[in-house]
Amino acid sequence: AVPTEAARGKAPPGTDKPKFRVFSNDAGEAEWIADFIAKDLAENPDRTAHEIALLVRSNANNAEQRLAPFFSPRGLRIRNE
């Protein structure tokens, strides 16, 4: 068996409901994502940036361009692979 880690954290399966957010514009979405990641890293000092992945369905270069202005001021870097 391969050990896995679920995004639901420590909640038992089926008890943690997914959360969806709707943004009125790309800038609001990018700012929220950058704030969420920066806050998560600050609150979890044992976590490192390479443990965080942001998946995009398509046009990763476009997503990178939209996120970069919000990531940089928070000391976050983007690695588009």
Side-chain angles (χ1 to χ4, degrees):
V2 175
T4 61
E5 185 174 332
R8 70 177 179 273
K10 307 254 185 258
T15 60
D16 191 19
K17 296 179 181 162
K19 296 175 183 146
F20 298 92
R21 288 175 172 63
V22 178
F23 300 93
S24 59
N25 57 52
D26 289 346
E29 179 182 28
E31 184 170 31
W32 186 89
I33 292 169
D35 284 342
F36 179 85
I37 293 171
K39 181 180 175 189
D40 183 71
L41 289 171
E43 291 175 354
N44 299 283
D46 293 338
R47 184 168 297 146
T48 60
H50 77 271
E51 295 179 81
I52 297 174
L54 180 63
L55 305 177
V56 296
R57 182 177 52 188
S58 62
N59 301 320
N61 290 336
N62 291 343
E64 181 180 5
Q65 290 173 358
R66 289 193 338 249
L67 292 169
F70 297 93
F71 275 46
S72 294
R74 292 161 179 83
L76 302 172
R77 293 183 355 186
I78 297 174
R79 191 173 76 205
N80 182 358
E81 295 182 0

Query raised in the report: CD1/I52 to CG/L76 distance, rounded to the nearest 0.5 angstrom?
Result: 8.0 Å
Report task. Any chance you could measure L41, atom CG, to D46, atom CG, to the nearest 0.5 Å? Result ->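 Between atom CG of L41 and atom CG of D46 there are 11.5 Å.
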Query raised in the report: Do L54 and F23 share a hydrophobic cluster, counting only Ile, Leu, Val, Met, Phe, Trp and Tyr and linking them when any side-chain heavy atoms are less than 4.5 Å apart?
Result: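 Yes; F23 is reachable from L54 via cluster members.
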Using distance only, find each side-chain donor-acceptor pair of residues 29-37 under 3.5 Å and give its atom names and separation, not counting sequence neighbours.
from	atom 1	to	atom 2	distance (Å)
D35	OD1	R74	NE	2.6
D35	OD1	R74	NH2	2.9

**Report entry** Option passing side chain to side chain contact (heavy atoms under 4.5 Å, CB included) with N80 (candidates V56, N61, L67)
**Finding:**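 The single option meeting the side chain to side chain contact (heavy atoms under 4.5 Å, CB included) with N80 is N61.
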Query - ILVMFWY clustering at 4.5 Å (side-chain atoms), partners of V22 - result: none
Query raised in the report: Around atom CZ of R79, are there more than 12 heavy atoms of other residues, nucleotides or ligands at under 6.0 Å?
Result: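 Counting other residues, nucleotides and ligands, CZ of R79 stays at 12 neighbours or fewer.
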How far apart are the closest heavy atoms of [X] and [Y], and which atoms are they?
{"X": "A68", "Y": "P73", "answer": "O-CD, 4.4 Å"}
{"X": "A42", "Y": "P45", "answer": "O-CD, 4.2 Å"}
{"X": "E51", "Y": "R47", "answer": "OE2-CA, 3.3 Å"}

